[in-house]
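What follows is a set of notes on a single structure, which appears directly below.
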Amino acid sequence: MTSAVLVTGGAGYIGSHIVAALARAGRASVILDNFQNSSPGVVARLVRLAGTPIPLVEGDVRDAGVLRATFAAHRIGAVVHCAGMKAVGESSARPLAYWDVNLNGTVRLAEAMGEAGVATLVFSSSCTVYGQPDALPVGEDAPLRPASVYGRTKRAVEEFLRDLAGADARWRIAILRYMNPAGAHPSALIGEAPLGRPNNLVPLMCRAVAGEFDEVPIFGTDWPTPDGTGIRDYIHVDDLAEGHLAALDHLGSHPGVLTLNLGAGRGYSVLEVVGAFEKACGRPVPKVVAPRRDGDIASVYADASRALALLGWRATRGLDAICEDAWRWQRAGGRYA
Ligand code: UD1
């Protein structure tokens, strides 16, 4: 029997798409999730997509006992660590929770991996570690100046992982800095299902067009960008998921630490994304100009050439596919029962 990949946060938005991509590649997963910001209903959908059972461990990544039991019960060869808290705004109000879950969760996980003799780890980091870069597109060697508590927890975990690998040459670690993941699996069986009012642009547009919310606030039209709205690098969640598989393959033959941006490598303004979404759904997005949001930056998009050079990976699905797939998911309900 081949070994499985443990996906922490595997019921979440990105984790679920990684589990689906692993299944497409014929690889087994084990999901660890505490359902703090996800729904158990995703697991049945993933089993339908995979056509095989997918073991689920309901538990917290900070819980050493749960981790030990998970590694004991399953033959795990590698870990993709997505479990964490990720709302920029909330992080400044709840620093204790963000530092505890994001940093301590990773420390406990690394401890359990060490005990179990599992040395291959892919970590979900974020382009938010850069803050507002001096030059665009931003490459992996740019200075790290995160502007939020959330971003500082990601930077700290990255440092922790480099320290680990520096002390023990057996570790094989990929630090993946995501740009802005969006879209959904084309089956519309899985997608982004935030609990409560979405913070992020694409899910908020989905629900606003569906009539669940009044208007999408456009957070600032006075940014130093061509149309005055913020520019981001939107990457289809299935491209992102496939990047994790490519990183796992690479780690198989390359010990040490690899740090990579995963992005499409081009930026779109908020108004361009709204326009693409309107085209995809054939309806206007209700919107209203609002003040800038705290912690936002003007513009960021990735230099994704290192991922292409080292992994042979690049994003292949564009903004139209992102919007079409997000809207298909919304029309199918946009949540798990
Ligand atoms: C942020 C973080 C990212 C993090 C993600 C998770 C940065 C650069 N990125 O993405 O690392 O993983 O949150 O939550 O810090 N917008 C509106 N109206 C809205 C919502 C968003 O105008 O209602 C605008 C934002 O100002 C921004 C763009 O849309 O220009 C994208 O925002 P969002 O989808 O929230 O993602 P980020 O803040 O870029």
Side-chain angles (χ1 to χ4, degrees), residues 9 12-15 37 82-92 94 98 102 123-133 136-138 142 144-155 157-158 175-183 192-209 212-237 240 261-264 267-277 285-302 319 322-323 326:
Y13 172 46
I14 294 167
N37 191 29
C82 299
M85 297 178 77
K86 59 137 215 169
V88 174
E90 181 191 50
S91 71
S92 51
R94 302 185 60 199
Y98 273 71
N102 292 357
F123 173 60
S124 298
S125 189
S126 167
C127 70
T128 202
V129 296
Y130 297 118
Q132 176 62 66
L136 293 171
V138 64
L144 304 186
R145 293 182 301 230
S148 66
V149 171
Y150 162 67
R152 288 190 283 278
T153 67
K154 289 289 182 190
R155 180 179 61 185
V157 173
E158 288 195 4
I175 292 169
L176 303 183
R177 294 180 180 153
Y178 307 162
M179 305 311 281
N180 284 60
E192 188 166 11
L195 305 178
R197 185 186 166 93
N199 294 309
N200 299 109
L201 181 61
V202 173
L204 191 58
M205 285 193 301
C206 284
R207 293 192 182 176
V209 170
E212 294 181 34
F213 296 104
D214 285 350
E215 281 156 332
V216 175
I218 307 294
F219 290 140
T221 52
D222 57 351
W223 293 99
T225 61
D227 68 14
T229 65
I231 291 181
R232 298 286 184 276
D233 181 340
Y234 295 86
I235 173 173
H236 195 293
V237 65
L240 185 72
N261 288 336
L262 291 187
Y268 289 97
S269 74
V270 176
L271 292 180
E272 286 176 313
V273 179
V274 169
F277 194 79
V285 171
K287 55 184 184 296
V288 59
V289 172
R292 291 181 182 188
R293 178 173 65 175
D294 262 5
D296 266 354
I297 58 169
S299 188
V300 63
Y301 50 95
L319 183 60
I322 288 174
C323 292

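As the structure lists them, so they are numbered: ligands from 1, and atoms in each ligand from 1. We number each residue from 1, following the sequence as shown.
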Quiz item: Which bit of Y234 gets closer than 4.0 Å to ligand 1, counting heavy atoms only: side chain, backbone, both or neither?
Solution: side chain
Exercise. Considering heavy atoms of the protein only, find what lies nearest to atom 22 (O) of ligand 1 and give residue, atom and distance to 0.1 Å.
Key: F219 N, 2.9 Å
Quiz item: Starting from atom 10 (O) of ligand 1, which protein heavy atom do you reach first, and at what distance in Å?
Solution: N180 ND2, 3.6 Å
Quiz item: Numbering the atoms of ligand 1 from 1, which are under 4.0 Å from a heavy atom of D296?
Solution: 25 (C), 26 (O), 38 (O)
Self-check item: Salt-bridge contact R177-E158 (side-chain N to carboxylate O under 4.0 Å)
Solution: yes
Quiz item: Hey, looking at atom 38 (O) of ligand 1, which of R293, K287, M85, R232 has the closest heavy atom?
Solution: R293
Quiz prompt | Ligand-residue contact atoms, ligand 1 with I218, heavy atoms, under 4.0 Å | solution = 22 (O)
Practice problem: Considering the heavy atoms of N199, write down every atom of ligand 1 situated less than 4.0 Å from one of them. | Solution: 20 (C), 35 (O)
Quiz prompt | L201 contact mode with ligand 1 (heavy-atom cut-off under 4.0 Å) | solution = both
Quiz item: In the protein, which heavy atom is nearest to atom 5 (C) of ligand 1, and how far is it?
Solution: N200 ND2, 4.0 Å
Quiz item: Atoms of ligand 1 less than 4.0 Å from V270 heavy atoms?
Solution: 22 (O), 24 (C), 28 (C), 29 (O), 30 (O)
Exercise. Enumerate the atoms of ligand 1 whose separation from the nearest heavy atom of P217 is less than 4.0 angstrom.
Key: 17 (C), 18 (N), 19 (C), 22 (O), 23 (O)
Quiz item: Considering distance alone, does some N or O of K86 sit under 3.5 Å from an N or O of ligand 1?
Solution: yes
Exercise. Taking only heavy atoms of S126 into account, list the atoms of ligand 1 that are under 4.0 Å away from them.
Key: 3 (C), 11 (O), 12 (O)
Quiz item: Which atoms of ligand 1 sit under 4.0 Å from any heavy atom of L204?
Solution: 23 (O)
Quiz item: How does T128 reach ligand 1, by side chain, by backbone, by both or by neither, if only non-hydrogen atoms under 4.0 Å count?
Solution: both
Exercise. Would you mind telling me if ligand 1 is within reach of the side chain of Y150, the backbone, both or neither, using heavy atoms under 4.0 Å?
Key: side chain
